[in-house]
Protein chains: 2
Amino acid sequence: MPATIRDVARASGVHVSTVSRAFSAPHLVNAETRAHVLAAAEELGYRPNRAARALITGRTHNIGLIVADIANPFFPPLIKAAESHARGRDYHVFVADTNEDAGVEEELVLALAKQVDGVLLCSPRMSNTQIEQLSREVPLVVVNRPVPGLPAVVMDVAQGARLAVEHLVSLGHRSIALLGGPRGSWTNREIRRSATLAARTAGAELVVVGPNPPTEESGSAAADAVLRAGVSAVLAYNDLMAVGLIDALDHRGVKVPDQISVVGIDDTALSRRTRPMLTTVATPTAAAGRAAVDMLLQHGDDRRTTALVTLQTELVIRDSSGPGPHRTAGPGGRHQPPVDGVASESRE
Amino acid sequence: MPATIRDVARASGVHVSTVSRAFSAPHLVNAETRAHVLAAAEELGYRPNRAARALITGRTHNIGLIVADIANPFFPPLIKAAESHARGRDYHVFVADTNEDAGVEEELVLALAKQVDGVLLCSPRMSNTQIEQLSREVPLVVVNRPVPGLPAVVMDVAQGARLAVEHLVSLGHRSIALLGGPRGSWTNREIRRSATLAARTAGAELVVVGPNPPTEESGSAAADAVLRAGVSAVLAYNDLMAVGLIDALDHRGVKVPDQISVVGIDDTALSRRTRPMLTTVATPTAAAGRAAVDMLLQHGDDRRTTALVTLQTELVIRDSSGPGPHRTAGPGGRHQPPVDGVASESRE
DNA sequence: TCAGGGACTACAAACGTTTGCAGCAGAACT
DNA sequence: AGTTCTGCTGCAAACGTTTGTAGTCCCTGA
């Protein structure tokens, strides 16, 4: 029923190959022939069948975008930016959600492989070797994690975590909890490494609580552990957990930031909506989406590029972080120093 | 490079048609032949090329999902549910974002038409006739708006708006503002119609402020207009605008709900995160996504079905709505916090 | 003994494109 | 005048599948 290239050829009295060229290689066909063809095509409402084209050219003009959880507020801006950027380059985007499950991830990449020119793998939970293996099936760009031998775009969360810790220390905090994220996450390891180092350098103590799933509920659930740790400040793996934590603290009557400071990571839309507004590390998610699309389209078929794009992060200071017990200028003594013995909680 | 059906045929010593049937019509091929074939396929890492299959069968096993704004918190749960539901039925989903632009909508449907078995059009801004026209190119299911002659799934926002108004009136509000949404939106018209009727029936006054874009900023921007209207309560087109409004009121030192009550619509994740927590009308977005996928897969090619699924909404009473100036039960001047009796207002 | 049928399997056309090659006219050189 | 080149167009094969048709073989029943 829908018009094919053959219908257009018949209607304009030329061969199908000429019609094809009129669209995809205009310089090879006479200008007025081309005008005829285009007119006939318009008349018939012809639109090329991309599947057929893909079959012979090998390029589908589609890309896959695999994320852990569409509903996690971290991802929509990334998805939106990637989709819009891709469409501007005449690519369409399959979006898929893994529910934070590594098995589903692999399955999805394989299922999409034949249908796309490449896949953007965001915050994967798979192992590096698994990912490398998959990259033999389809070009891959990894987001939020460097994988040796593969193109990737990451955020400099290490810098962000350092800034956050330094910020807290400068406010007078000497005992800080790190509310850890999911186990397989590279970002989580980076944050932990960098925060630990920054704390040691600044002469503060860092206790790790976790790992935890990166959800609001898990942030709330960690409230008691955080309180038991006796810290005066918390750096959370992401905004979602920070928000959950603040909520739970609120329920327990613990004031933020008066009794405990909370810093998030990601600067999602959420962070401006909490009371107090969340101090957080801004990660450029939209830019990451665009950069990943660019890398995919640029590298095309030559897998095994080792390109790594690192995007800068910055600390956004709002209201959830305040003076701590060791504030040099302030009147000391309101908070009791951290109790020890609870820190053992935290081994991974 | 990737293994084709021909490679499998060669490896297992049978004809390609047998391989094909081993996958798509197992009962037509001898059990042990089939075992051989599957083994060879596994060995070679063969995965059928869906584009080639689509070319001949006419079914791509893909669907398109077009939304106004991926980053609007209303949509991610819908997208997530639709994608997961579709994948369970062996369908993949193209997601696209129109930026609330009717022109982009049409362009997208057309671009996707040949690549999908159908398109889910969410909250379209196009005219009915435009939509009907497009439905001749590709099966369409419309979400959040009934289009005569097309399958659609809508939320009963009229009921939701009525419940919200009745709730406010029962709290003692006699003058209510409706913070309108975008002009082309059917939902907006429904809310307006129903709220107006409900107010008149209850003997209250309803003033409409708008139309407005459905964003947080626009909610904030409307604060002055709302205050000038001299109302004691506001029903907003969606949670996003309600949140923006609450923020702006807060900045002006106006207390919610003490001085003015605010009710949202959608019950997005946001609504539990505002202070005070938002009273809102819950719309079953995930269910809508699933229902739309079902309708699309069910109706398949026979367009022009007139099926309309209406999903119920309910009022979720939280803390942003409180007693108004005409509270009958209230003693003298001062308001009291909402009591339990109010909850009976919400039905299912 | 043979017709009829059942259970498989092979053959080949088809889906809608793209693209290397060949052909052809006319222009431009030698 | 002959050769080469240029600009354009047609021909046909190919991409990886599915599927209608036509075998082939063997079994059954009369």
Side-chain angles (χ1 to χ4, degrees), chain A residues 1-38 40-41 44-62 90 111-117 137-138 301, chain B residues 1-38 40-41 44-62 90 111-117 137-138 301:
Chain A
M1 206 68 215
T4 86
I5 202 176
R6 235 175 303 257
D7 300 324
V8 178
R10 199 174 311 123
S12 51
V14 299
H15 195 262
V16 294
S17 58
T18 304
V19 177
S20 171
R21 279 190 267 257
F23 283 98
S24 46
H27 59 284
L28 288 182
V29 34
N30 180 295
E32 60 181 303
T33 310
R34 176 155 191 265
H36 266 116
V37 170
L38 295 191
L44 295 175
Y46 167 74
R47 313 195 69 98
N49 182 325
R50 298 176 85 145
R53 179 180 293 179
L55 193 53
I56 190 152
T57 62
R59 337 221 86 256
T60 62
H61 269 245
N62 294 148
D90 199 24
L112 248 28
K114 286 291 196 347
Q115 256 185 127
V116 300
D117 295 341
E137 299 288 327
V138 58
D301 277 325
Chain B
M1 206 68 213
T4 85
I5 202 176
R6 234 175 304 257
D7 300 325
V8 178
R10 199 174 312 124
S12 50
V14 299
H15 195 261
V16 292
S17 57
T18 304
V19 178
S20 171
R21 281 190 260 260
F23 284 98
S24 45
H27 59 284
L28 288 181
V29 33
N30 180 295
E32 61 181 302
T33 309
R34 175 154 192 266
H36 265 116
V37 170
L38 294 190
L44 295 175
Y46 166 74
R47 314 194 68 98
N49 181 326
R50 298 176 84 146
R53 178 180 294 180
L55 194 54
I56 190 153
T57 62
R59 336 222 87 256
T60 62
H61 268 244
N62 294 148
D90 199 24
L112 247 30
K114 287 289 196 347
Q115 254 184 130
V116 300
D117 294 341
E137 298 289 326
V138 56
D301 278 325

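Order of the sequence lines sets the chain letters (A, B, ...), proteins ahead of strands, with each chain counted from 1.
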Review point. Got a sec: does the NE2 of B/H36 have more than 12 other heavy atoms crowding it under 6.0 Å?
Key: no
Exercise for review: With the side chain counted from C-beta on, respond yes when A/R50 and A/D90 share a heavy-atom pair under 4.5 Å apart, and no when they do not.
Suggested key: yes
Exercise for review: Looking at every strand, decide which applies to B/S17 at a 4.0 Å heavy-atom threshold: base, sugar-phosphate, or nothing.
Suggested key: base
Check your understanding: Between B/N62 and A/Q115, is any pair of side-chain heavy atoms under 4.5 Å apart?
Key -> yes
Practice item. Name the closest nucleotide to the A/L55 side chain, picking from D/dG16, D/dG10, D/dT9. Key: D/dG16
Check your understanding: Which part of the nucleic acid, if any, lies within reach of A/S20 when heavy atoms closer than 4.0 Å are counted: base, sugar-phosphate only, or nothing?
Key -> base
Review point. NA contact type, A/R6, heavy-atom cut-off 4.0 Å: base, sugar-phosphate, or nothing?
Key: base
Practice item. Give the rounded distance in Å between these two atoms: CZ of B/R34 and P of C/dA7. Key: 17 Å
Review point. Rounded to the nearest Å, what distance is computed from the CZ atom of residue A/R50 to the P atom of nucleotide D/dG16?
Key: 20 Å
Check your understanding: When the distance from CG of A/N49 to P of C/dA14 is rounded to whole Å, what number comes out?
Key -> 18 Å
Check your understanding: Separation of B/L28 atom CG from D/dG20 atom P, in whole Å?
Key -> 11 Å
Exercise for review: Grab the CZ-P distance between A/R10 and C/dG16 for me, whole Å please.
Suggested key: 11 Å
Practice item. Using a 4.5 Å cut-off on heavy atoms from C-beta on, say whether the side chain of B/T4 contacts that of B/N49. Key: no
Practice item. Name the nucleic acid region contacted by B/Y46, choosing base, sugar-phosphate or nothing; use a 4.0 angstrom heavy-atom cut-off, strictly under. Key: sugar-phosphate
Study note, to complete from the structure: A/F23 CZ to C/dT17 P, in whole Å, measures 9 Å
Check your understanding: Under 4.0 angstrom, heavy atoms only, what part of the nucleic acid is B/T18 near: base, sugar-phosphate, or nothing?
Key -> sugar-phosphate
**Study point:** Whole angstrom value for the distance that separates P of D/dT17 from CZ of B/R53
**Key:** 8 Å
Study note, to complete from the structure: Contacts of B/N30 and B/K114 projected onto DNA chain C by closest heavy atom; the upstream (5') one is B/N30
Check your understanding: Counting any heavy atom closer than 4.0 Å, what does B/R21 reach on the DNA or RNA strands: base, sugar-phosphate only, or nothing?
Key -> base
Check your understanding: D/dT9 phosphate, OP1 or OP2: any side-chain N/O from A/H15 under 4.0 angstrom?
Key -> no
Exercise for review: Please state how far atom CG in B/D7 lies from atom P in D/dC15, giving the value in whole angstrom units.
Suggested key: 11 Å
Check your understanding: Side chains of B/V138 and B/L112: does their closest heavy-atom pair fall under 4.5 Å?
Key -> no
